[in-house]
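In what follows, chains carry the letters A, B, and so on, assigned in the order in which the sequence lines appear, proteins first and then strands, with residues in each chain numbered from 1. All heavy atoms count here, side chains included; hydrogens, waters and symmetry mates do not.
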Protein chains: 2
Amino acid sequence: MSINHAILGLLSWKPCTGYDLKKFFEGSTLMHWSGNNNQIYKALVQLSAEGLVTSETLHQEGAPSKKLYHLTKEGQQALRKWVLGDIELPEFKKPFLVQLAWADQLEDQELLNLIQRYEDELEVGLRTVQEQMRRNSDVPARTSREKLLWEMMRDSLITSYHNELDWVSRVRKNLLNLKENPHEPSGD
Amino acid sequence: MSINHAILGLLSWKPCTGYDLKKFFEGSTLMHWSGNNNQIYKALVQLSAEGLVTSETLHQEGAPSKKLYHLTKEGQQALRKWVLGDIELPEFKKPFLVQLAWADQLEDQELLNLIQRYEDELEVGLRTVQEQMRRNSDVPARTSREKLLWEMMRDSLITSYHNELDWVSRVRKNLLNLKENPHEPSGD
DNA sequence: CGACTCATGTAATATGTTACATGATTAA
DNA sequence: TTAATCATGTAACATATTACATGAGTCG
């Protein structure tokens, strides 16, 4: 799984410039690359060298020239092979858990504040991705099946945030319960 | 958020050698570092240079010498400061979504097989982390509150897997529904 | 006898981020 | 006039993975 595959995918949807790809990755949390130039322009050079993409230079008036990249037949085959190939498990990377792990040195109120801050940031994050999806609504939907797949991808991210918020509220509930009934089993 | 903070945390629990830390990270999906030597031994040198940890060399008979690292007062302060500091949002990195994004080129059955494979791998992954948690049960539990925090950390990972499995079954259900009632709204 | 554990380290490589560099056009 | 958009690229750095190197002891 590298950004090269994601780029092949996007080019299978429509021809793009490096700048188009950059903007797409910047505006998409689902495809977890940040959209930095270094990676994208290097990847395009590499994919060209492998014959998976070709580029055509378009000269524009009043704007810089651009290189429009197209997927080749070999690129289409490589994409299909990759889609049917190895599956990677998701990575649940939650740095806040590492913070919580050593939070027993805090006062009760400090700990509750920390959890509150996490909840607040999650809510901001959720609104940000929802806003991002509303803004960036030009996504593949060439068939009703493809439309469904992209809806489910968005659903995956949104429900991940909701699940995380649910978890935070369980943590808070359990901490308050422990405070009120020290050393009693919580009943969950 | 770097591995240095996680190491300070572990040393606040008990003194460790580089090897201990390596084993801990290897056996813990929650702390998302793989436990490779390069990072750990470099981090320990760095933390020493900053005065956040000290080391004592223990010579053993019939086994290689080892360096036992202890947290200093400055290290304890740095840890507390970090725990109360900036919070990072979780990263929901799901490479399978990128594969699904371009899966509309597949036949219905190929797509269902791909989804089935993902579900199977998720179930293996879930069993693996459950097994890992059973094996690696020596975790901080110095107070009932700390015990609760570590339980909630484990809960976070396990429910993330369950949520992902739920999502996969929704995807399958929606795809089958679409196949049976093409172009009809799904009712969800 | 071969593989694994304990134990510390280095080298090469891959991946990803931030910032720099250039330069025209457009909108606040 | 300051910032943003369009557009391509490079440099420096941070982070992470795999493999290499050494060497004693133990388990099957």
- Message: Can a side-chain donor-acceptor contact be found between B:E164 and B:Y118 if the only test is distance below 3.5 angstrom?
- Response: yes
- Report yes or no: do A:S156 and B:K94 form a side-chain donor-acceptor pair below 3.5 Å? yes
- A:E110 bridged to B:R80 by N-O distance under 4.0 Å: yes
- Message: Apply the hydrophobic cluster definition, ILVMFWY joined by side-chain contacts under 4.5 Å directly or through others, and give me every member besides B:L58.
- Response: B:L68
- Message: Under 4.5 Å between side-chain heavy atoms, counting indirect links through other Ile/Leu/Val/Met/Phe/Trp/Tyr residues: same cluster for A:W33 and A:V45 or not?
- Response: no
- Audit row: B:H32, A:E91, side chain to side chain donor-acceptor pair (under 3.5 Å) steps and yes/no: CA-CA 8 Å; B:H32 53 265; A:E91 278 173 49; over 6 Å; no
- Between C:dG16 (C1') and A:E26 (CD): distance, integer Å: 14 Å
- Note on the structure: What residues 57-72 of chain A contributes to the DNA chain C interface at heavy-atom separation below 4.0 Å is A:G62, A:P64
Under-3.5 Å N/O pairs linking protein and nucleotides 17-22 of chain D:
residue: D:dT17; atom: OP2; partner: B:S34; partner atom: OG; Å: 2.8
residue: D:dT17; atom: O4; partner: B:N38; partner atom: ND2; Å: 3.1

- Item | For A:Y41, the rest of its hydrophobic cluster, which grows through side-chain links under 4.5 angstrom | A:Y19
- Query: Are A:S65 and A:H59 linked by a side-chain donor-acceptor pair shorter than 3.5 Å?
  - Reply: yes
- Where do A:E121 and A:R117 land on the salt bridge (charged side-chain N to carboxylate O under 4.0 Å, His left out) test, with the steps shown first? CA-CA 6 Å; A:E121 297 223 7; A:R117 279 171 57 210; 5.3 Å; no
- Is the distance between the ring centroids of A:F92 and B:F92 less than 6.0 Å? no
- Taking only residues two or more places apart in sequence or in another chain, which ones pass salt bridge (Lys or Arg N to Asp or Glu O under 4.0 Å) with B:K67? none
- Message: Taking the basic N atoms (NZ, or NE/NH1/NH2) and the acidic carboxylate oxygens, is any pair closer than 4.0 Å for A:K22 and A:E26?
- Response: yes
- In whole angstroms, the gap separating P of D:dA7 from CD1 of A:I40 amounts to 14 Å
- Task: List, by chain and then residue number, the residues other than B:V124 in its hydrophobic cluster (Ile/Leu/Val/Met/Phe/Trp/Tyr, side-chain heavy atoms under 4.5 Å); write none if there are no others.
- Result: none
- Taking atom C1' of D:dA7 as reference, at what distance in whole Å does atom CZ of A:F25 sit? 17 Å
- Message: I'd like to check the side-chain contact (heavy atoms from CB on, under 4.5 Å) partners of B:K42; sequence neighbours left out, ordered by chain and number.
- Response: B:N38
- Using the six-membered ring wherever Trp is involved, compare the ring planes of A:W82 and A:H5 and label them parallel, tilted or perpendicular (cut-offs 30° and 60°). parallel
- Message: Expected output is a numbered-order residue list: members of residues 14-22 of chain A with a heavy atom under 4.0 Å from any atom of DNA chain D. What is it?
- Response: A:T17, A:G18, A:Y19
- Query: Would you call B:D108 and A:R145 a salt bridge, taking side-chain N to carboxylate O under 4.0 Å as the test?
  - Reply: yes
- Could you identify which residues of residues 127-140 of chain B place a heavy atom less than 4.0 Å from some atom of DNA chain D, listed by residue number, or say none? none
- Query: Between the two ends of the helix from C:dC1-D:dG28 to C:dA28-D:dT1, what is the bend in degrees, rounded to 10 degrees, where each end axis spans five pairs?
  - Reply: 40°
- Using heavy atoms and a sub-4.0 Å distance, could you list which residues of residues 41-55 of chain B are near DNA chain D? By number, please. none
- Note on the structure: Sorted by chain and number, sequence neighbours left out, side-chain contact (heavy atoms from CB on, under 4.5 Å) with A:D166 holds for A:N163, A:R170
- Message: Expressed as a whole number of angstroms, how long is the span from B:E56:CD to C:dT8:C1'?
- Response: 17 Å
- Check step by step if salt bridge (charged side-chain N to carboxylate O under 4.0 Å, His left out) holds for A:E131 and A:R127. CA-CA 6 Å; A:E131 174 57 28; A:R127 260 175 260 129; over 6 Å; no
